[in-house]
Amino acid sequence: MYNPSKIEPKWQKTWEKLDIYKAKDFSRKPKMYILVEFPYPSGEGLHVGHCRSYSALDAIARKKRMEGYNVLFPIGWDAFGLPAENYAIKTKSHPQKTVSKNIANFKRQLKSLGLSFDWSREINTTDPKYYKWTQWIFLKLFEKGLVYRAEIPINWCPSCKIGLANEEVVQGKCERCGTPVEKRIKKQWMIKITAYADRLIEDLKKVDYPEKVKLQQINWIGKSYGTEVKFKLKKSHYLPVFTTRVDTIFGVTALVLAPEHPLVNVLTTQENKEKVKKYIEKIKNKSEFERTKLEKKRTGVFTGSYCINPINEEKIPIWIGDYVIGSYGGGAVMVVPGHDKRDYEFAKRYGLKIKEVVRPKNQKSNKNTLPFVEDGILVNSGEFSGLSSLKAREKITLWLEKRGLGRKSVQYKLRDWVFSRQHYWGEPIPLVYCENCKKIVEKIKSGSSDIKSQKPKFNKGELLNPGWISIPEKDLPVELPFVEKYQPTETGESPLANIKKWVICKCPKCGRQARRETDTMPNWAGSSWYFMRYTDPSNDKALANSKKLKYWMPVDWYNGGMEHTTLHLLYSRFWYKFLFDIGVAPQDEPYKKRTSHGVVLAEDGRKMSKSLGNVINPDEIVKKYGADTLRVYEMFMGPFDQAIAWSNKGLMGVYRFLKKFWKLSLECTSNPKSSLKIIRSIHQLNKQIDKDLEKTKFNTIIAGFMKFVNLCGKNKKEVGRDAIERMLLLFSPFAPHISEELWQRLHPERYKDPEYSIFREKWPKYDPELIREQTFTLIIQINGKTRDKIEVKKDSSQKEIESLTLGREKIKKYISNKKIEKVIFVKNKLINFVIK
RNA sequence: GCCGGAGUGCUGAAAUUGGUAAACAGGAUGGACUCAAAAUCCAUUGCCCGUAAGGGCUUGAGGGUUCGAAUCCCUCCUCCGGCACCA
């Protein structure tokens, strides 16, 4: 009887004792670093979705070990962040406590699945020994001038009185209480990820990611090429405007500024002051949701000022409009109503002129419907009329460039990374604010004090952010103090701000009183470099030893969810590039190959959630049917990268299969040799697995195993030990417990060595000679329709086959007295007679 | 709106350098075993006509290329994912 609850814990214990999955730093074997996204240890426990991707990558890790690789397959905990904080608040227990409790539970669950993680390298982002290095990396970014402070709007829930992360805003409302979210301006730490935008796009060429992921990252970064045009204001001031369609510049009939544009006040004339003020007030009161989702109508107000179009000296009115984004392209747009949909609507609404300056190619008539938004041929554009849009963009930009009125320009949609959170449960930002140092830095900056003669030396970040001073490396980590009240505060400040004792400190630069930064890092911080820490998890001199980094990095295969494409995956690539630039990382890309898994939905097709009561608990499945059943089922359920609903019936099918296989292998071992049919079939399966596993086609691999077991079941007398042994070796990465148990029953003598395990065996190689078929099924078609098939000797010539097939009764009947027009012959595949 | 992906039996799905459509599993139906149920085993199962032999049809819809299309091209519909006033 197959009894997984008996054999599984037994082997899990043995494997742990043998330390069989430990990765060795440095080895003559080739290295293979296989990585799964480390989980956030939630209070709900392990999700069957974790099991899906972890068992799949576990199978790959196990196979690679058997193939002779020195495999690193580590695991850890991403335990900082809002969910942990909220869970702690909900359960009224300190996050430190809940996190360690949840980790213990997760660990037990992962171990009960028999995953081959190297537990000696377990890491935890909330461990001060770990986040010391998260803080260190932040300080390096600061030191190199990539960190700055900016006033940016955050999501503010007026009811809960806290700042919300974007992920917590659902359809413009607070996730918890449903109150519409407002924008509040707050000073935040920013990291200049935009400085790496080009490299983040360019280097995608070097890596093996799904095209979908690459495209999504490229779109997210959103690079567009265009021209910055300087519109003349009064007193030789200029207003720069970015456009990708400089070919339409003769059609400009207004400029529109974002409401938050810095020149709004200057440009508003006295008589328009009141109107503009009211308008901006109205915009501010609109929530972001209303501005983007509900109200697609473009509104605006005239400032009363004009500027001069540099191309033709035309006088252009300057407006303010809510459809212009402040943070993109300088926050100003040239309105070309004839050739842009939004501008057209705006112009119609406010009675602005509409000019046609581009016409479709091959069209001469004047009855052209505007707006015409595609490229075409320029008209009404002075000396540039007649040029194609493409040519005109080039020529006009050049014309402007020569006169100092414009230049080529590149814009990105990617914004800098908002790096501070006003929450408790995160890494403290290792900076202090010192009034005294601020004065000194300001003096240096104003030139009244020479930087070289200054006693305390300031780094680039300190000069860029006057008053903000780095904590010296020797004083890291800045530990998160234990507090009683970790709830978000009414003021929107981090709860750390209330701990006077912690906040007030000595400035490490000048020794005078200073105060600590009380904001913490976002939960993306710790996960942006964790894969490096696995190479050397307990190093206290560096984030990891450079030789170990050089040996293990880059990650050879990284699997994770699609939802991390534009956040975690982009952030961690950015940090790795930065660490490469300062000589810490050995390459400029962290992951060689990325694959992604689909989510596991509930049986009803909806997302699993406690409130819907449709959650599948892996513990129960393991208890009832065993870890092997769960693992194999989750690999079999469907294509790996696709979202799939759970099915208890499907799970049962896999359980039946394992039981069948158990019986078969115990019955068929007295016979040493299998028939050619059986042995050939297992070699074919061997080949299929080698091919399909690289493509993450786990479902077809499991189907292959089932097919083979069915074949054996129908031909029991032909099945021998040799086939079963090979099957066990092939099956072991997918269903490790049952395979090892049956292997032991086949080879009890080998297990006298206490160090022995099936996982110390070599991965079997298939014999290409053996699977080469002598015959094949010839498809006989008439006019492309299959009418007959016969077994034919391989490599038969067309002549041989023609005489063979034309003699057949069935074929004769079809052809009868009709004329054969053409014969199509595909070697070793088919013959097709075209008749009339 | 833009960008990406997909649409195949009752269900999850296989088949992609164009060449046997529906592998494998679930479900269903019938049968064996059983007092009975569970478990197990056997058979059937894309649809239509036919007792059968056999024939016809079939990969979201329509068109095209081809000896031959689930696969390539065009138009359209639907669903999923991402972005969303990015000038």
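Model, not experiment: these values are computed from the prediction. Letters go in sequence order (proteins before strands), and every chain restarts at 1. Heavy-atom basis, side chains included; hydrogens, waters and symmetry copies ignored.
Distances were taken from every side-chain heavy atom of A/Met706 (C-beta onward) to each of B/rA87, B/rC24, B/rC83; the shortest belongs to B/rC24. Proximity note for A/Ile644 (side chain, C-beta onward) versus B/rA87, B/rU20, B/rA13: the nearest is B/rA13. Comparing B/rC57, B/rU20, B/rA87 by their nearest atom to the side chain of A/Ile779 picks out B/rU20. Nearest to the side chain of A/Ala703, among B/rA87, B/rA23, B/rG4, sits B/rA23. The A/Lys649 side chain lies nearest to B/rG26 when the options are B/rG26, B/rU20, B/rA87. Comparing B/rC67, B/rA39, B/rG4 against the side chain of A/Ile824 picks out B/rC67 as the nearest. Listed candidates were B/rA13, B/rA87, B/rC83. Nearest to the side chain of A/Val333 is B/rA87. Counting only heavy atoms from C-beta on, A/Asn710 has its side chain closest to B/rA25 among B/rG19, B/rA87, B/rA25. When each of B/rG26, B/rA14, B/rC67 is scored by its nearest atom to the side-chain atoms of A/Arg656, the top-ranked nucleotide is B/rG26. Distances were taken from every side-chain heavy atom of A/Lys829 (C-beta onward) to each of B/rG19, B/rA15, B/rA87; the shortest belongs to B/rG19.
Counted by atom type alone, A/Ser596 and A/Asp641 present zero donor-acceptor pairs between their side chains at under 3.5 Å.
Considering only side-chain N and O atoms, A/Thr700 lies nowhere under 4.0 angstrom from the phosphate OP1 or OP2 of B/rC24. Not one side-chain nitrogen or oxygen of A/Asn219 sits closer than 4.0 Å to the OP1 or OP2 atom of B/rC2. Contact annotation: A/Tyr328 side-chain N/O to B/rA87 OP1/OP2 distance is under 4.0 Å. For the pair A/Lys785 and B/rG55, the criterion of a side-chain N or O lying under 4.0 Å from OP1 or OP2 is not met. The shortest distance between the side-chain N/O atoms of A/Lys214 and the OP1/OP2 oxygens of B/rG82 is not below 4.0 Å. Taking side-chain N and O atoms only, A/Lys822 has a distance below 4.0 Å to OP1 or OP2 of B/rC67. Contact annotation: A/Gln642 does not reach the phosphate of B/rG12 (side-chain N/O to OP1 or OP2, under 4.0 Å). Neither OP1 nor OP2 of B/rG4 sits under 4.0 Å from any side-chain N or O of A/Thr565.
For the pair A/Leu414 CG and B/rC83 P, the interatomic distance rounds to 13 Å; values are reported in whole Å. Atom CZ of A/Phe708 is separated from atom P of B/rC24 by 15 Å (rounded to the nearest Å).
Comparing A/Tyr412 and A/Val654 against RNA chain B, the residue whose closest nucleotide sits nearer the 5' end is A/Val654. Nearest-nucleotide assignment on RNA chain B puts the 5′-proximal partner with A/Asn832, out of A/Asn832 and A/Ala332.
The separation of B/rG7 from B/rG60, taken at their C1' atoms, amounts to 6 Å, rounded to a whole angstrom. For the C1' atom pair drawn from B/rA22 and B/rC47, the interatomic distance equals 13 Å after rounding to whole Å. Across B/rG18 and B/rU65, the matching C1' atoms stand 12 Å from one another, rounded to whole Å. Taking atom C1' on both B/rC33 and B/rA39, the two are 11 Å apart, rounded to the nearest angstrom. Atom name P, nucleotides B/rA84 and B/rC74: the rounded distance is 29 Å, in whole Å. The P atoms of B/rA32 and B/rA38 are separated by 15 Å, rounded to the nearest whole Å.
In this entry B/rA6 has B/rU78 as its Watson-Crick or G-U wobble partner, both defining distances falling under 3.5 Å. Checking B/rA39 for Watson-Crick or G-U wobble geometry (two distances, each under 3.5 Å) identifies no partner in any strand. Applying the Watson-Crick and G-U wobble criteria (two distances, each under 3.5 Å), B/rU34 pairs with nothing in any strand. Taking a pair to require two hydrogen-bonding distances under 3.5 Å in either a Watson-Crick or a G-U wobble arrangement, B/rA15 remains unpaired. The pairing partner recorded for B/rC57 is B/rG46, the criterion being a Watson-Crick or G-U wobble arrangement whose two distances lie under 3.5 angstrom.
Taking the ring axis of A/Tyr238 as reference, the NZ or CZ atom of A/Lys230 stays within 45° of it and closer than 6.0 Å to the ring centre.
Between the base of B/rG4 and the side chain of A/Glu211 there is no donor-acceptor pair shorter than 3.5 Å.
With respect to A/Phe661, the ring-ring contact (aromatic ring centres under 6.0 Å, His included) criterion is satisfied by exactly one of A/Tyr655, A/Phe734, A/Phe731: A/Phe731.
Counting non-hydrogen atoms under 4.0 angstrom, A/Gly222 reaches nothing in the nucleic acid. Nucleic acid contact for A/Ser224: sugar-phosphate only, since backbone atoms but no base atoms lie under 4.0 Å from a heavy atom of the residue. At the heavy-atom level, A/Gln216 lies under 4.0 Å from the strands shown only through sugar-phosphate atoms. When heavy atoms are screened at a 4.0 angstrom cut-off, A/Arg787 is found touching the sugar-phosphate backbone but no base atom.
Using a 4.0 Å cut-off between a side-chain N of Lys or Arg and a carboxylate O of Asp or Glu, A/Glu401 and A/Arg407 do not qualify as a salt bridge. Using a cut-off of 4.0 Å between Lys/Arg side-chain N and Asp/Glu carboxylate O, A/Asp208 and A/Arg594 are scored as not salt-bridged.
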Exercise for review: Show your working on side chain to side chain contact (heavy atoms under 4.5 Å, CB included) between A/Arg393 and A/Arg245 and close with a plain yes or no.
Suggested key: CA-CA 7 Å; A/Arg393 285 198 279 272; A/Arg245 290 295 304 274; 3.4 Å; yes

Exercise for review: Report the C-alpha distance between A/Trp662 and A/Phe657 in whole Å, list the side-chain angles of each, state the deciding distance to 0.1 Å, and finish with yes or no for ring pair (Phe, Tyr, Trp, His ring centres under 6.0 Å).
Suggested key: CA-CA 9 Å; A/Trp662 173 270; A/Phe657 159 64; over 10 Å; no

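With hydrogens and angles disregarded, no donor-acceptor distance shorter than 3.5 Å links the side chain of A/Asn686 to the backbone of A/Ile682.
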